[in-house]
Amino acid sequence: MTRVLILGAAGSLARVVTRYLLAHTDTHLTLYLRNAERLSFPDMSRVTIVEGDVMDSHRLEAAMEGQDVVCASLSGNIASQAENIIRAMKARHLNRLIFISSMGIYDEVPGENYGNELATYREAATVVEASGLEYTLLRPGWFTNGDEVNYTLTHKCEPFLGQSVSRLSIADLITRLVTTPELYVRESLGIARV
Ligand SMILES: NC(=O)c1ccc[n+]([C@@H]2O[C@H](COP(=O)([O-])OP(=O)(O)OC[C@H]3O[C@@H](n4cnc5c(N)ncnc54)[C@H](OP(=O)(O)O)[C@@H]3O)[C@@H](O)[C@H]2O)c1
């Protein structure tokens, strides 16, 4: 059984990813978040909840024990968070990282210039891409709550297609990444509905 560590598990995207992974796979999920009271599940058989900050290296490394995939869906200073996550993964000999970023970090969205707004996302992407880990960076468009799974992927150096994407679509892609280990390794993917 694949074990997935979800960082930032109380976030709006992570909650949908959690639900989707539980429904569509037999993975075991470790949900890492700053305030554990924010999550509860009627059936805890496939879920472990760990309270912690990703900047707390000691807790983060402990949560990484025995995991196969790390999925980071965070906010704030994500460049520093990326550095800490990568350090912890290397310390625990983990390799597979799925990292949620944003559209616009390479100025790849036609007609848009996000400037300094995305500075920490750019820096985080540079850190992840230089990590030597088996990463997949996801650059979603604006999130929607739509119940459709409908997305088009764009690769690094390609113009971004679309503007928005349902959280469910991102969850579907993450599920494919988790269940197909070689899929889109060392890639940075734009994801939106066209
Ligand atoms: N919304 C959009 O349309 C959109 C589009 C493209 C990209 N994105 C990006 O996608 C990412 C996920 O989005 P989202 O809507 O799920 O964001 P969110 O709801 O703000 O979730 C992010 C989570 O990260 C957690 N977090 C932040 N710093 C942490 C730390 N040091 N340790 C542990 N947890 C920490 C937060 O925890 P707390 O709950 O404790 O604060 C929060 O639950 C974000 O980076 C966002 O900017 C969003």
Side-chain angles (χ1 to χ4, degrees), residues 4-21 29-40 48-64 67 70-89 97-109 112-128 135-146 148 150-154 160-175 177 188-194:
V4 184
L5 172 63
I6 298 184
L7 304 176
S12 82
L13 177 61
R15 285 173 186 262
V16 176
V17 171
T18 296
R19 215 169 55 227
Y20 203 88
L21 281 168
L29 306 183
T30 300
L31 305 175
Y32 191 92
L33 70 165
R34 290 194 279 204
N35 179 353
E37 285 177 8
R38 295 186 63 193
L39 289 184
S40 64
T48 304
I49 295 177
V50 176
E51 186 166 278
D53 191 301
V54 293
M55 299 310 291
D56 180 340
S57 301
H58 186 71
R59 260 176 203 243
L60 185 63
E61 277 189 39
M64 284 183 176
Q67 304 292 340
V70 177
C71 178
S73 184
L74 296 157
S75 58
N77 186 346
I78 69 163
S80 302
Q81 294 165 2
E83 282 173 6
N84 221 39
I85 292 163
I86 291 163
R87 212 171 17 240
M89 286 182 68
L97 173 64
I98 300 167
F99 194 91
I100 305 301
S101 176
S102 172
M103 67 174 166
I105 58 169
Y106 309 121
D107 287 331
E108 79 281 21
V109 184
E112 297 285 354
N113 180 350
Y114 292 97
N116 272 346
E117 234 177 284
L118 292 180
T120 189
Y121 286 78
R122 277 189 201 104
E123 211 182 311
T126 303
V127 167
V128 169
Y135 69 84
T136 306
L137 263 173
L138 298 186
R139 291 176 281 114
W142 298 113
F143 297 171
T144 73
N145 285 326
E148 81 287 352
N150 183 350
Y151 56 94
T152 296
L153 301 178
T154 46
F160 192 86
L161 294 176
Q163 290 187 328
S164 61
V165 64
S166 67
R167 288 178 175 83
L168 217 55
S169 295
I170 305 170
D172 184 77
L173 176 58
I174 290 172
T175 299
L177 296 172
S188 171
L189 300 172
I191 170 169
R193 180 180 177 167
V194 177

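We count ligands from 1, going down the list as the structure has it; atoms in each ligand are counted the same way. Quick note: numbers below take in every heavy atom, side chains included, and nothing from hydrogens, waters or symmetry partners. None of these values were measured; they are calculated from a predicted model.
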Protein residue, atom and distance nearest to [atom], heavy-atom basis:
{"atom": "atom 40 (O) of ligand 1", "value": "Arg34 NE, 3.0 Å"}
{"atom": "atom 32 (N) of ligand 1", "value": "Val54 N, 2.9 Å"}
{"atom": "atom 16 (O) of ligand 1", "value": "Leu13 N, 2.9 Å"}
{"atom": "atom 27 (C) of ligand 1", "value": "Ser75 O, 3.2 Å"}
{"atom": "atom 1 (N) of ligand 1", "value": "Phe143 CD1, 3.4 Å"}
{"atom": "atom 45 (O) of ligand 1", "value": "Leu74 O, 2.5 Å"}

Does some non-hydrogen atom of [X] fall short of 4.0 Å from ligand 1?
{"X": "Arg38", "answer": "yes"}
{"X": "Leu33", "answer": "no"}
{"X": "Tyr32", "answer": "no"}
{"X": "Asp53", "answer": "yes"}

Heavy atoms from other residues, nucleotides or ligands near CG of Asn35 exceed 12 (cutoff 6.0 Å)
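Yes, because the 6.0 Å sphere around CG of Asn35 holds more than 12 heavy atoms from other groups.
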
Is it true that atom CD of Gln163 has more than 12 heavy atoms of other residues, nucleotides or ligands lying nearer than 6.0 Å?
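Counting neighbours around CD of Gln163, 12 or fewer heavy atoms of other residues, nucleotides or ligands fall under 6.0 Å, so no.
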
Pick whichever of Ser101, Ser102, Ala72, Gly141 has a heavy atom sitting closest to atom 5 (C) of ligand 1.
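Comparing heavy atoms across Ser101, Ser102, Ala72, Gly141, the nearest one to atom 5 (C) of ligand 1 lies in Gly141.
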
Please state which option from Gly76, Gly104, Ser164, Gly11 has its nearest heavy atom closest to atom 18 (P) of ligand 1.
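Considering heavy atoms of Gly76, Gly104, Ser164, Gly11, the nearest to atom 18 (P) of ligand 1 sits in Gly11.
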
Atoms in ligand 1 with a heavy atom of [X] nearer than 4.0 Å:
{"X": "Ile100", "result": "10 (O), 11 (C)"}
{"X": "Gln81", "result": "28 (N), 29 (C), 31 (N)"}
{"X": "Pro140", "result": "6 (C)"}
{"X": "Ser73", "result": "12 (C), 22 (C), 23 (C), 24 (O)"}
{"X": "Tyr121", "result": "44 (C), 45 (O), 46 (C), 47 (O)"}

Main chain of Thr48, side chain of Thr30: is a donor-acceptor contact present, judged purely on distance under 3.5 Å?
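Pair absent, no side-chain N/O of Thr30 close to backbone of Thr48.
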
Quick check against the 3.5 Å criterion: does Thr154 have a side-chain atom that pairs as donor or acceptor with the backbone of Phe160?
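Not a single qualifying donor-acceptor pair exists.
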
Do Arg193 and Ser166 have side-chain atoms, one donor and one acceptor, less than 3.5 Å apart?
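No, because no side-chain N or O of Arg193 sits under 3.5 Å from a partner of the opposite role on Ser166.
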
Using a 4.5 Å cut-off on heavy atoms from C-beta on, say whether the side chain of [Y] contacts that of [X].
{"X": "Val127", "Y": "Gln81", "result": "no"}
{"X": "Ile85", "Y": "Leu74", "result": "yes"}
{"X": "Tyr121", "Y": "Arg139", "result": "no"}
{"X": "Val194", "Y": "Leu161", "result": "yes"}

Does any N or O atom in Ala14 lie less than 3.5 angstrom from one in ligand 1, N or O only?
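Among all N and O atoms of Ala14, none is under 3.5 Å from an N or O of ligand 1.
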
Ser12-ligand 1 polar pair, N/O distance under 3.5 Å:
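Yes, since at least one N or O of Ser12 sits under 3.5 Å from an N or O of ligand 1.
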
Working to the nearest 0.5 angstrom, can you tell me the gap between [X] [atom1] and [Y] [atom2]?
{"X": "Leu177", "Y": "Leu97", "atom1": "CG", "atom2": "CG", "answer": "11.0 Å"}
{"X": "Tyr106", "Y": "Leu118", "atom1": "OH", "atom2": "CG", "answer": "11.5 Å"}
{"X": "Leu31", "Y": "Ile6", "atom1": "CG", "atom2": "CD1", "answer": "5.5 Å"}

